[in-house]
Amino acid sequence: MKITVKLFATLRTGRFDEKVIQFSNNITISDTLKEIGITSQEAAIIFVNGRHAEFDQVLYDGDIVSIFPPIGGG
Amino acid sequence: MDKILRIDMGANGNPKITITELGDYAGLGGRGMTSAIVSKEVPPLCHPLSSENKFVIAPGLLSGTASAMSGRISVGCKSPLTGGIKEANAGGQPAQVLARLGYAAIVLEGKPVDDTLYKIYINKNGIKISPDNSLKMLPNYELIAKMRDEYGDKIACISIGTAGEMKMNVASVACTDMELRPTRHCGRGGVGAVMGSKGVKVIILDDTGMSMRAPKDKERFKDANKRFVDGLMKHPVTGKALPAYGTNVLTNILSEAGGYPTYNFKEGSFAGASKISGEVEAELEKQRGGNPTHGCHRGCVIRCSGIYNDKDGHYLTKQPEYETVWAHGGNCGIDDMDAIAMLDYLDDNYGVDTIEMGATIAVAMDAGIAKFGDAEAAINLVKEVGKGSYLGRILGGGAAITGKVFGVERVPVVKGQAMPAYDPRAVKGIGVTYATSPMGADHTAGYAVATNILKVGGFVDPLKSEGQIELSRNLQIATAAVDSTGMCLFIAFAVLDQPETFQALLDLLNACYGLNLTADSVVELGKNILAMERDFNSRAGFTKEHDRLPRFFSQEKLLPHQVVFDIKDEDLDKVFNP
Ligand code: SF4
């Protein structure tokens with residue numbers, strides 16, 4: 001299955017902005033993070049299709065995963 | 001900081017100066033001070049531009065000391081935009097300088113009998129008020145350049161641009177930054193119009209010969225400041241993200257979360273978001289010899305601001321903030337960073353609130369005055385405001401008035417004030433703050449976005465109703481207190497997450513004033529300020545029906561999540577009556 005991974009702010013450094021990655025079925029967010037070399041501490045905020053998600057959430061074909069380091073503003 | 005300077009601008013002959021003790025206002029600073037004076041001394045039914053209104057300026061409790069982050073200044077009055085009480089605050093240099101000169105507040109009272117324009121110069125020797133009609137209709141940058149020529153570069157200024165002189169609802173009050181540029185604005189609620197109604201163009205502050213305010217307990221203060229700064233540096237938001245990208249790092253995350261108001265609150269994410277994101281903005285600033293990491297006042301250790309240069313490497317404006325980039329950007333369908341930076345410069349120069357201005361242009365676009373996405377048209381509309389043409393005057397009335405004049409139904413305001421950069425349908429906690437804050441729709445009044453979206457101070461799901469009332473209540477109380485200290489609100493990211501940094505803040509206040517404040521006293525302070533503000537509003541005619549969002553938010557579903565604002569009216573009424 002194909003998952004779109006989007007990285008933001010410092011997580012882009014040395015990696016990518018956006019990439020479609022091929023995975024086997026039944027993969028979780030944690031597995032995805034391992035695959036792209038991001039620790040769970042770095043990944044402070046994760047959305048799947050625009051909704052907050054936890055590390056153990058299972059992904060499905062076509063999901064968009066957006067990963068942010070700790071950020072703030074306002 | 002043991003005196004209040006009152007200037008009666010309407011006194012017979014010349015403005016009359018009175019300097020008084022603090023009296024009942026002892027122990028207050030920033031928003032606590034402005035709201036106390038306004039609620040006690042201003043008749044709630046007065047016209048905001050009349051002689052009965054007062055324009056209050058107050059540095060925070062810690063301003064002027066050696067404490068980091070303490071350069072926040074508040075201005076307060078009855079708002080011409082909302083008709084209720086108003087406090088707006090900004091960074092920049094004036095808070096520190098005014099506090100070192102010894103003033104806990106400046107109160108402009110009365111109203112000149114004619115249209116003479118005044119400047120007020122304050123230094124260690126006293127106060128000089130002079131008529132100066134050569135300043136008429138000068139925009140902020142020209143005005144400040146003139147003041148620099150006249151008074152040297154050791155000054156800090158508080159001023160209005162052309163919009164304030166024309167008494168527009170969108171008019172801001174500008175504060176100069178470390179480079180003596182008028183870039184930090186008390187933006188909201190038309191405070192610039194009230195300063196303009198007092199006939200005051202600029203207040204020039206010079207603290208040469210004055211020393212830093214000494215805390216009661218020096219050692220304790222020094223130690224607390226160190227722990228406070230360590231805490232700010234340690235937290236990933238205040239130590240890393242804000243310095244690297246500034247506030248505009250939020251564009252991408254709000255758009256991803258579906259809470260980024262687009263095309264005048266029609267949609268929740270913007271296809272052009274990545275082109276105007278904080279990541280892109282910071283990169284452009286670096287490439288062009290600007291600077292993405294810059295403080296707005298001396299003593300800021302977070303340094304969320306920056307310098308934005310144009311294509312040729314010349315200074316254009318300070319780093320436009322997230323709310324500005326949203327208001328003039330995605331909300332108007334514009335994805336051109338240079339055009340947005342130009343709009344930021346024009347807003348600062350004419351002295352208008354970037355949030356209200358951008359929201360107003362989006363409403364005008366909805367009315368067909370210009371096309372969504374047309375950056376050139378947006379620039380021209382702001383220029384009309386600066387000139388004061390009839391169209392400019394209408395837009396200068398703000399989003400609510402513009403909506404009425406052009407017959408637009410989708411007008412995102414509460415108590416007449418435009419909503420900032422978070423859609424309340426997809427970030428429900430901030431919707432509660434918009435609805436119930438005594439200030440009108442104001443994100444800073446209780447920044448639930450932190451917990452709804454950024455997972456700071458815990459997590460409350462932004463798309464659900466549960467927990468939002470309590471979240472907004474607690475944040476509104478804490479914010480009212482922080483707004484009194486002179487601290488930049490961004491310390492909250494570290495203070496909410498790290499108890500030891502909150503303790504360091506308490507210790508700073510205690511060491512400065514010789515007090516024994518606890519977390520409970522801070523809550524008490526926040527509650528008292530909100531109670532004064534709500535009391536003023538209720539005497540001005542506000543009821544619980546004013547604590548509501550416009551109907552379309554509960555009727556029109558927002559894409560992509562297909563959500564409406566569904567927090568019940570009875571629950572909104574519980575924010576302040578739990
Ligand atoms: S963090 Fe930003 S807004 Fe706050 S004082 Fe520093 S530069 Fe100014």
Side-chain angles (χ1 to χ4, degrees), chain A residues 1-21 23 27-74, chain B residues 235-242 244-260 268-269 274 277-280 282 302 304 321-323 325 420-422 426 430 443-444 447-450 452-456 459-463 489-490 492-494 496-497 559-561:
Chain A
M1 62 175 191
K2 282 184 182 152
I3 305 288
T4 304
V5 178
K6 295 183 177 180
L7 303 181
F8 296 93
T10 43
L11 297 182
R12 289 178 172 178
T13 317
R15 296 193 187 93
F16 54 89
D17 292 7
E18 184 174 335
K19 202 162 152 181
V20 179
I21 306 180
F23 286 108
I27 204 160
T28 62
I29 292 177
S30 291
D31 300 330
T32 318
L33 288 176
K34 254 180 237 142
E35 177 76 23
I36 47 184
I38 293 177
T39 65
S40 54
Q41 259 185 337
E42 287 175 295
I45 309 159
I46 303 166
F47 295 147
V48 175
N49 306 325
R51 288 174 190 265
H52 285 272
E54 298 300 328
F55 293 120
D56 56 1
Q57 183 165 328
V58 176
L59 298 174
Y60 296 97
D61 188 38
D63 276 352
I64 300 170
V65 182
S66 313
I67 310 170
F68 298 82
I71 56 171
Chain B
H235 194 276
V237 172
T238 44
K240 284 212 186 80
L242 278 170
Y245 301 105
T247 54
N248 194 23
V249 73
L250 294 183
T251 293
N252 276 326
I253 195 166
L254 264 303
S255 190
E256 290 293 314
Y260 185 87
S269 60
S274 63
S277 66
E279 288 90 334
V280 165
I302 300 175
C304 80
E321 304 291 349
Y322 168 60
E323 273 70 24
V325 176
Y422 316 86
I430 202 71
H443 63 297
T444 66
Y447 193 63
V449 179
N452 277 173
I453 300 288
L454 307 171
K455 291 194 163 175
V456 172
F459 176 62
V460 174
D461 191 330
L463 298 169
L489 194 53
F490 292 152
F493 289 109
L496 284 171
D497 274 345
L559 291 172
H561 295 307

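Letters go in sequence order (proteins before strands), and every chain restarts at 1.
Closest of all the heavy-atom pairs between H561(B) and N49(A) is CE1-O, 3.6 Å. The nearest pair of heavy atoms linking A241(B) to I71(A) is CB-CA, 3.8 Å. N252(B) and R12(A) get closest at one heavy-atom pair: ND2-NH2, 4.0 Å. Across all non-hydrogen atoms, the minimal contact from L463(B) to R51(A) is CD1-NH1, 3.3 Å.
Only the backbone of A44(A) comes within contact range of chain B, judged by heavy atoms closer than 4.5 Å. With a 4.5 Å cut-off on non-hydrogen atoms, P462(B) touches chain A through its side chain but not through its backbone. Residue V249(B) touches chain A through both its backbone and its side chain, counting heavy-atom pairs closer than 4.5 Å. Residue contact with chain A, scored on non-hydrogen atoms closer than 4.5 Å, is absent for A244(B). Residue contact with chain A, scored on non-hydrogen atoms closer than 4.5 Å, involves the backbone of N452(B) exclusively. Heavy-atom distances place both the backbone and the side chain of I453(B) under 4.5 Å from chain A.
Rounding to the nearest 0.5 Å places CD of E256(B) at 4.0 Å from CZ of F8(A).
Listed options G50(A), G74(A), P70(A), S66(A) were ranked by heavy-atom pairs under 4.5 angstrom with chain B; first place goes to G74(A).
The shortest side-chain heavy-atom distance between F47(A) and I253(B) falls under the 4.5 Å cut-off.
Applying the 6.0 Å contact sphere to CZ of F55(A) captures more than 12 heavy atoms from other residues, nucleotides or ligands.
With respect to the salt-bridge test (charged N to carboxylate O, under 4.0 angstrom), the residues K240(B) and E42(A) do not qualify.
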